[in-house]
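Note sheet for the following structure.
Per chain, numbering begins at 1; letters A, B, ... match sequence-line order.
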Amino acid sequence: MCDQPETHTTEVKWQKVLYKRQPFPDNYVDRRFLEELRKNIYARKYQYWAVVFESSVVIQQLCSVCVFVVIWWYMDEGLLAPHWLLGTGLASSLIGYVLFDLIDGGEGRQKSGRTRWADLKSALVFITFTYGFSPVLKTLTESVSTDTIYAMSVFMLLGHLIFFDYGANAAIVSSTLSLNMAIFASVCLASRLPRSLHAFIMVTFAIQIFALWPMLQKKLKARTPRSYVGVTLLFAISAFGGLLSISAVGAILFALLLVSISCLCPFYLIRLQLFKENIHGPWDEAEIKEDLSRFLS
Amino acid sequence: MACRGGGGDAKAPSAPLFLVSPGSFSTCTAHSHNICMVSDFFYPNMGGVESHIYQLSQCLIQRGHKVIIVTHAYGNRKGIRYLTNGLKVYYLPLKVMYNQSTATTLFHSLPLLRYIFVRERVTIVHSHSSFSSMAHDALFHAKTMGLHTVFTDHSLFGFADVSSVLTNKLLTVSLCDTNHIICVSYTSKENTVLRAALNPEIVSVIPNAVDPTDFTPDPFRRHDSITIVVISRLVYRKGTDLLCGIIPELCQKYQNLNFIIGGEGPKRIILEEVRERYQLHDRVHLLGALQHKDVRNVLVQGHIFLNTSLTEAFCMAIVEAASCGLQVVSTKVGGIPEVLPENLIVLCEPSVKSLCEGLEKAIFQLKSGTLPTPENIHSIVKTFYTWRNVAERTEKVYELVLKEDVLPMDKRLDRLISHCGSVTGHIFALLAVFNYLFLIFLRWITPDSTIDIAIDATGPRGAWTHHSPHGEKRGENKKVSKTR
């Protein structure tokens, strides 16, 4: 089968080449079989507290949804005056707006090149339109049964939580879809409130808590991690308190959920890392590591 | 890539295949097998798997075996067709789902495939390509019917993402009770053994081959400038992005350097952008899709062949290029380092920098005249990979397989449950039982004895070699290719 001269000696070494006829059967398994196999070379090492810190993004978003529903419940029951919510919302938005620029010393604003006048214009346009359309929002879902509205809101808020951009690089992440689902939920819920002013204020509040607040959070997290932890704790406690005033059982379940996400899940993730077996070898598709766009620009 | 253009319409009676004298038939008949090749990929589709099946079948026919091919219908091409030397091809009316692969339910193809296996008296079912669901279906049914099974894997697959986790699980199920597996390179064997959790002893390595008479150097090659040839599909996996970095780098450095790029694909647009931006219209020629018969004529216009693939199980293209006498520069990925000896190939890391260095080395060698002549390279390469050799080695696998027993139903179920994990194992064991019941039902509806036995076109009692093809066709009483 082979015509290599060295085959006559007894010590013929197997070579990992195809072009030579070697004196071994085709299904021969050499000692060198799988010697280039590597395991877990790109595996990340996780630190417990770092993972807990990262999980705060999820906590924040859960709390946002909880606070939003609690506020809506208070409005629906007539326990919360719309003017009061409007006032608080506007005040906190202003504080947040100032903070947003203060945290990074106006760096982000310079980079985006957006003027304050543009901000004011968009805010005015939004408020005017929402106010103008709030009677329509109010009557929009009159023909739909209240149960359907509640079910839809629940699904939309769940969808908001699922598709929200928590910083993971995955195909399912879509911040646009996430925000749209939250706003849809808020429109649904707002249409069940007693008056159109309520509806207007509810939708405005939804924008504040689902669109503006995560932006500020992101900046806080990147620039001042310590204060971010403080804000998260405060926010979680207030959401818990708000829920407690409505339903004790709900509040306890919510607290358990928060604790399991921030403490148990990171622990479990780190434990599961022990079982990680990522196989690498010469069969892997090579990655292009350079930036090739420079040749085209 | 390396297929004879004639496969599609059976008009190219592969000249070298006639080299075997008719007398050799009688010597082989003692061990002759009835082999059924199954794959979704066959002519008129073009590619490595297709040509592998065709060439291997032709060589096996030459060695006195009966070979039939089963694939799915391609457009108007359905029913039974005969190719060169009476190679019978069944184009089955199965629905194509994605990328020329048929849909699978694990059951719907049993009636058709059972009928074919019975009427052709098949003893070995040889499936090709892990991307072909029909190949896996055929393995499943063949095992239910108690036939011997062989599988050839032509591709590499990763382990990282969800899709590969799923396909690897299915491959484990499909291969755990297959008699023997063939891979095209040692890297591919390692990959398949890991993916399907196999015993490496039942995996053989048999490389692909090219027809050296198709790829000969051109004695009248021009020497006034240096030409680099690239022939590949222009897709991400073939490293077209790297090519976009290499072209401007080298064209700025060497004034008498040209590129010829053959092939088509979604990444062609970025090559055109590069050509536009660096004003290289007279030096970079984009030829578009090439017919297989033109590949040699394009190859011999160049001095250096560049392969930028990011993953490759075997890479026929570099063997074809070396056979035409070109110096090969290639990325060092997959099975490529096993294919050519070090003096015929420059291996580089998959980066623009490394590939440019490799090309510069090749250019320097070319200019200083230290490279062997194309004729020399051709005479070395032509001994490496021949279809005759592939067929001989595959034949050995068949003989090995026939000595083994096909697992009876109870042992097969045990193997599935113990080997594939408890959940998947139980599900597929249940499906295997259903498949067996379905088979019994089919045997009751149309007993094996009522199925006509097909007249062999090839093999020990092959009609093709004794009678004129026309007489044979009438006896067959089937729809045959009108192109003959």
Margin query: Check this for me: Lys169(B), atom NZ, are more than 12 non-hydrogen atoms of other residues, nucleotides or ligands nearer than 6.0 Å?
Written below: yes
Checklist line | Over 12 foreign heavy atoms within 6.0 Å of OH, Tyr268(A) | finding: no
Item checked: Check: Trp14(A) ring centroid to Tyr186(B) ring centroid under 6.0 Å -> yes
Item checked: Heavy-atom closest pair, residues Leu18(A) and Val184(B) -> CD1-O, 3.8 Å
Margin query: The test is side-chain contact (heavy atoms from CB on, under 4.5 Å); show your working for Leu400(B) and Asn27(A) and say whether it passes.
Written below: CA-CA 11 Å; Leu400(B) 197 75; Asn27(A) 60 346; 4.3 Å; yes
Notebook entry, point to check: Is there side-chain contact between Tyr19(A) and Val319(B), with at least one heavy-atom pair below 4.5 Å?
Noted result: no
Item checked: Derivation of the side-chain contact (heavy atoms from CB on, under 4.5 Å) call for Thr311(B) and Asp284(A) -> CA-CA 7 Å; Thr311(B) 174; Asp284(A) 280 341; over 6 Å; no
Check: Is it the case that more than 12 heavy atoms not belonging to Glu287(A) sit under 6.0 Å from its CD atom?
Finding: no
Check: Contact part of Ile206(B) toward chain A, heavy-atom cut-off under 4.5 Å: side chain, backbone, both or neither?
Finding: side chain
Margin query: Could you measure the distance from the CG atom of Asn191(B) to the CD1 atom of Ile279(A)? Nearest 0.5 Å is fine.
Written below: 9.5 Å
Notebook entry, point to check: Has Arg109(A) got more than 12 heavy atoms of other residues, nucleotides or ligands less than 6.0 Å from its CZ?
Noted result: yes
Notebook entry, point to check: chain A heavy atoms under 4.5 Å from Phe157(B): which part of the residue, side chain, backbone, both or neither?
Noted result: backbone
Notebook entry, point to check: Are more than 12 heavy atoms from other residues, nucleotides or ligands located less than 6.0 Å from atom OH of Tyr236(B)?
Noted result: yes
Margin query: Does this structure show an ion pair linking Arg32(A) with Glu190(B), if we count only N-O contacts that are shorter than 4.0 Å?
Written below: no
Next item on the list: Would you mind telling me which of Asp30(A), Leu34(A), Asn278(A) has the largest number of heavy-atom pairs within less than 4.5 Å of chain B?
Entry: Leu34(A)
Margin query: Both conditions, 6.0 Å and 45 degrees, for the charged tip of Lys20(A) above the ring of Phe384(B): are they met here?
Written below: no
Check: Do Ser188(B) and Trp283(A) have side-chain heavy atoms sitting under 4.5 Å apart?
Finding: no
Check: Tell me, side chain or backbone of Val193(B) under 4.5 Å from chain A's heavy atoms, or both, or neither?
Finding: side chain
Notebook entry, point to check: Got a second to check how far Tyr28(A)'s OH is from Lys189(B)'s NZ, nearest 0.5 Å?
Noted result: 10.0 Å
Check: Should we say atom CZ of Phe155(A) is surrounded by more than 12 heavy atoms from elsewhere, each under 6.0 Å from it?
Finding: no
Notebook entry, point to check: Does Asn389(B) reach the side chain of Arg21(A), with side-chain heavy atoms less than 4.5 Å apart?
Noted result: yes
Checklist line | From NZ (Lys289(A)) to NZ (Lys353(B)), nearest 0.5 Å | finding: 13.0 Å
Next item on the list: Output the distance between atom CG (Asp26(A)) and atom SG (Cys183(B)), rounded to the nearest 0.5 Å.
Entry: 11.5 Å
Checklist line | Interface moiety of Leu194(B) toward chain A, non-hydrogen atoms closer than 4.5 Å | finding: side chain
Notebook entry, point to check: Relative to chain A, which segment of Pro350(B) carries a heavy atom at a distance below 4.5 Å: side chain, backbone, both, or neither?
Noted result: both
Next item on the list: Take atom NZ of Lys382(B) as the centre, draw a 6.0 Å sphere, and report whether it contains more than 12 heavy atoms from other residues, nucleotides or ligands.
Entry: no
Next item on the list: Against chain A, label Val205(B) side chain, backbone, both or neither, depending on which of its atoms sit under 4.5 Å from a heavy atom there.
Entry: both
Margin query: Counting only non-hydrogen atoms closer than 4.5 Å, does Ser309(B) touch chain A with its backbone (N, CA, C, O), its side chain (CB onward), both, or neither?
Written below: neither
Next item on the list: Measure distances from Glu36(A) to the heavy atoms of chain B and classify the residue's part below 4.5 Å as side chain, backbone, both or neither.
Entry: neither
Next item on the list: Under 4.5 Å, counting heavy-atom pairs only, tell me which of Glu349(B), Glu338(B), Glu276(B) racks up the most with chain A.
Entry: Glu338(B)
Notebook entry, point to check: Does a side-chain heavy-atom distance below 4.5 Å link Glu285(A) with Val333(B)?
Noted result: no
Notebook entry, point to check: Heavy-atom distance under 4.5 Å to chain A: side chain of Leu310(B), backbone, both or neither?
Noted result: both
Next item on the list: Verify the neighbour count for atom CZ of Arg268(B): are there more than 12 heavy atoms of other residues, nucleotides or ligands below 6.0 Å?
Entry: yes
